[in-house]
Protein chains: 2
Amino acid sequence: MKAITMADVAEQAGVSKSTVSQFLNERFDYMGKETKVKIEKAIEELGYSPNIVARSLKQKSTMTIGVIVANILHVFSTQVIRAIEDYCNESNFHIIVCNADDDPTKEKRYIDMLRAKQVDGIIAFPTGGNAELYNKLIKANYPVVFMDRILTGVPVPTVMLDNNKASLIAVSQLVKDGYQRIGMIAPPLSSCVTSRVERIDGYKQALQKHGIPFNPDYLVSGEITDLEVKIHHMLTQAEPPEAIVALNDRVLFEILTYAKKQQLTIPKDLALIGIDDVSYASIYSPALTTIAQPAFQMGEKAAELLLSRIRNKSNEGILDVYRFEPNLIKRESC
Amino acid sequence: MKAITMADVAEQAGVSKSTVSQFLNERFDYMGKETKVKIEKAIEELGYSPNIVARSLKQKSTMTIGVIVANILHVFSTQVIRAIEDYCNESNFHIIVCNADDDPTKEKRYIDMLRAKQVDGIIAFPTGGNAELYNKLIKANYPVVFMDRILTGVPVPTVMLDNNKASLIAVSQLVKDGYQRIGMIAPPLSSCVTSRVERIDGYKQALQKHGIPFNPDYLVSGEITDLEVKIHHMLTQAEPPEAIVALNDRVLFEILTYAKKQQLTIPKDLALIGIDDVSYASIYSPALTTIAQPAFQMGEKAAELLLSRIRNKSNEGILDVYRFEPNLIKRESC
DNA sequence: CTGAAAGCGCTTACAG
DNA sequence: CTGAAAGCGCTTACAG
């Protein structure tokens, strides 16, 4: 584009660069009315727009943050990003979006580059492989907020679903509906994905609470691609579960795929409840009972935490884990 | 974070800033081996990482681009963004994601801010309300690529689905399946959303091609929230359509909601085919026949076009519209 | 009420 | 093979 700079405006208006800068930053306290008008006119005529890179260099603030998710294609991440973007937009921040794909190497590259580009802070779904790096950032008082995953030993404000409760609600609902043989199907359990670990723990605790002994044959976890076989195995044992909690949307999808293929009738042959309110829950037959995460509120909270950290420059009193309530949406699948 | 600058590295290594800069930019042609080692060591010891903002100011390139979508929550946009991000990541670019919500004012604000932040180029789903602004950018030789929408009079490379063909495939499939009374349901038709206009045109042309007269009562369009009433009206007329083409995923959702509520059996009571391959198409009962957009290829193409524009600084020969083939995925709903 | 000057952290001819 | 110097386009004390 054109290369109109502040110097050009200053010349055109017949004032100094300093004065133009004052004008742009709305420091009008001592500015003559005439001066103001002259500058306004010059800006208009030249079509001047300030170079924010130059400002950023001087002010050490870029008004942009980085958001590192596992994969933007996951609906939860998309919703969180949308909420973050809305919040940032109101505060005149922009967001750089990065997909780490649960790969610590990729995550590290992004963190380093974002830092080099001087973004004012980072919101991350951490992979778990860069605890040390994050700790370095924190020690340097760099603003970081985590989402969905807790890294032990990394003291960062973290926004989480109350996963334990989500499982409790799910199991309780199934019990209430008269089921006793309740299973859970889960993705692989790497220990860094806190939400998964917590949901499984919550499932076990909920069973206990209801006086149902935990049966290891009723808990299946594995890569999405292997799940079909494992589900088959689980459901064809001597005394299979009558009801299943799907740990997340992608597991639910696999169960539904299996159910369709085997022509199982839901909930008669198999009752279902899923954590994550999938888009098609209400139009499925039967409509699917789900437990929704308040993704937008969670994203907004993360943005709020980060921006307040950025503005206050302090690390005080916000090293907590913020828990959000899961919402049961009762439909027809159990 | 720490405030280690190139000057610190230079001092520590006992060389000048220039030399450090040469080192960082891998201009090793004339650099002594010893010097190299000294600098490497200094960087390591100090944990130096260059300030890219400073570099950007000097080089007039930020290695970041802006992506303005209508709404990241639309699945197509999410997929396009993911593809763009992947492509950019390979080329060491970052993306700033913006939601314009089909609001020209919001779009303008984003464009202005992105420009001010000196992003190297913009990929947009344009709202249609800022043709003039875009033309200014283009005249200033600023790299812009459009996605999904054509603005007449704005000469920019544009990535599009062959929407006409998508409708043709849909109608032809329905005809082949023995349906003659074929309707289409669509979102509102503001003239700027090219894809919608083209799909409707395509629908009409396809009917003609198959010798079926166009019946205005079989074409319904309106706000998503009003669609249920309109669908009801359409399907309860004397001789209602036996089959329907859903213009996009959101329309399809409304039709399915209606069908479930009215307990219509698909395809017996109503055959369906949807443009956009929705996530639940394969697990729905019956599985839904859809026409998929190659969203990832389209996003990749947009990124490729933009980056090559950025690198070549020329506007030559790429002012075309790039059309992508829709893919029929035949399932059970028609 | 306004301007001259220094500085943010780099890069880049140019000189030697 | 390396360094001094100017400059990218802003902001910010400070002087007047």
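Below, chains carry the letters A, B, ... as their sequence lines are ordered, and counting in each starts from 1. What's counted below: heavy atoms across the whole structure, side chains too, no hydrogens, waters or symmetry copies.
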**OP:** For salt bridge (Lys or Arg N to Asp or Glu O under 4.0 Å), just list the numbers for B/D102 and B/R149, CA-CA rounded to whole Å, side-chain angles, deciding distance to a tenth of an Å, and then say yes or no.
**Re:** CA-CA 12 Å; B/D102 281 319; B/R149 301 169 185 190; 2.9 Å; yes
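- A/F23 places its CZ atom 16 Å from the P atom of C/dC1, with the value rounded to the nearest Å.
- Using Watson-Crick or G-U wobble geometry with both donor-acceptor distances under 3.5 Å, D/dA13 finds no partner in any strand shown.
- A donor atom on one side chain and an acceptor atom on the other are not found under 3.5 Å apart for B/S18 and B/S21.
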**OP:** For nucleotides 8-16 of chain C, just jot down a letter per nucleotide in 5' to 3' order: B, S or -, based on protein non-hydrogen atoms under 4.0 Å.
**Re:** BBBBB----
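- A/T19 has a side-chain polar atom (N or O) that falls below the 4.0 Å cut-off from OP1 or OP2 of C/dG3.
- The backbone N or O of A/G153 lies less than 3.5 Å from a partner atom in the side chain of A/N135, making a donor-acceptor pair.
- Here the closest non-hydrogen pair linking A/S56 and A/S61 is OG-O, 3.2 Å.
- The minimum heavy-atom distance linking B/P143 with B/D120 is given by the pair CG-O, 3.4 Å.
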